[in-house]
Amino acid sequence: MPATLIDGKATAAKVLGECRADAADLAAAGTIPGLAVVIVGDAPASHVYVTNKVRTCGELGFHSEKIALPAETTQRELLDTVARLNADPAIHGILVQSPPPPHIDEAAVIRAIDPAKDVDGFHPENVARLALEDPAGFVPCTPAGCMRLLAEAAIPTAGAEAVIVGRSMIVGKPMALLLSARGADATVTLAHSRTRDLPAVCRRADILIAAVGRPGMIRGEWIKPGAAIIDVGINRVPDPSKKSGHRLTGDVVFDECNEHAAAITPVPGGVGPMTIAMLMKNTLQAARSNKP
Ligand code: GUN
């Protein structure tokens with residue numbers, strides 16, 4: 001029997017509705033939430049994400065600033081931009097789109113962002129707060145979106161075997177912390193490219209989080225019957241039948257896994273819309289705690 005679809009578009013719309021109401025309350029109290037998005041270089045996919053983030057700010061009544069810097073931007077120039085935004089009282093959240101060009105030391109740029117404005121939750125101080133289960137920190141947007149999808153789909157995490165495939169700092173690692181935290185109470189396995197017998201590990205999962213960035217890596221036979229699958233992969237694959245020449249596909253072979261799972265996110269329309277929605281939530285959190 002096909003799985004229930006976990007509708008990321010509908011859940012994101014609900015979260016954005018909450019954000020719009022919260023932004024209006026904040027505005028009435030004299031604070032307009034402000035987000036700055038910095039992008040270096042001209043990677044087309046990154047530009048699409050950044051444009052969507054800025055457009056969503058406009059729709060919610062946030063102030064936003066898009067700073068598009070050329071690919072040749074130096075580390076010094078990028079750090080100067082971050083310093084200017086750290087000091088700008090109209091900006092509550094700062095995001096530097098990842099990945100930057102290879103000559104940029106991304107870790108140093110992240111460390112330069114004021115942790116109180118780090119709405120991506122990538123600064124070491126916020127990573128530590130997540131590990132410490134301190135709610136004052138910022139939770140990275142994509143894992144936060146995955147947790148909200150599980151909650152909205154009423155998928156129980158307590159006592160569940162959760163397997164995460166992919167150990168990135170943006171998704172896999174924070175996801176492991178969130179699912180194993182008090183309150184979520186899952187038993188977590190953080191798997192990666194060097195995991196021995198990955199199919200067997202995945203077959204243990206009541207909740208499978210696919211975040212490797214390899215199109216179609218996870219096959220139907222890897223799925224425990226009745227599992228919930230969250231597919232974080234947003235991979236561009238060539239498709240001559242499309243006007244753009246490409247289409248988006250997940251890390252999971254949807255048609256195969258759909259036959260075994262109880263619930264699954266589609267790509268597109270699953271995790272993708274949730275990332276922006278949670279970014280807006282984090283910007284509100286920054287605006288509330290960091291008023292001008
Ligand atoms: N690139 C892909 N996902 C993200 C994200 O959540 N934040 C930033 N800054 N860059 C990304």
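The basis for the numbers below is simple: all heavy atoms, side chains too, and nothing from hydrogens, waters or symmetry mates. As the structure lists them, so they are numbered: ligands from 1, and atoms in each ligand from 1. Quick caveat: nothing in here was measured; it's all calculated off a predicted structure.
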Nearest protein heavy atom with distance in Å, relative to atom 11 (C) of ligand 1: Gln97 NE2, 3.5 Å
In the protein, which heavy atom is nearest to atom 10 (N) of ligand 1, and how far is it? Ser98 N, 2.9 Å
Is it the case that ligand 1 has an N or O less than 3.5 angstrom from some N or O of [X]?
X	result
Thr275	no
Thr142	no
Val96	yes

State plainly whether the residues Arg148 and Glu152 are in salt-bridge range, i.e. N to O under 4.0 Å. yes
Between Lys281 and Glu18, is there a salt bridge with N-O shorter than 4.0 Å? yes
For ligand 1, which atoms sit closer than 4.0 Å to a heavy atom of [X]?
X	value
Phe122	7 (N), 8 (C), 9 (N)
Leu95	9 (N)
Asp120	5 (C), 6 (O), 7 (N), 8 (C), 9 (N)

In the structure I gave you, are the side-chain heavy atoms of Leu150 and Ile230 within less than 4.5 Å of one another anywhere? yes
Would you check if there is a donor-acceptor pair between the side chains of Thr189 and Arg204 at a distance under 3.5 Å? yes
Using distance alone, with no hydrogens and no angle criterion, decide if Ser98 and Glu106 have a side-chain donor and acceptor under 3.5 Å apart. yes
Partner of Arg76 under side chain to side chain donor-acceptor pair (under 3.5 Å), chosen from Thr74, Thr73, Asp80: Asp80
Quick look: Cys141 vs ligand 1, heavy-atom contacts under 4.0 Å, and the answer is neither
If you count every heavy atom of other residues, nucleotides or ligands that lies below 6.0 Å from Arg20 atom CZ, does the total exceed 12? yes
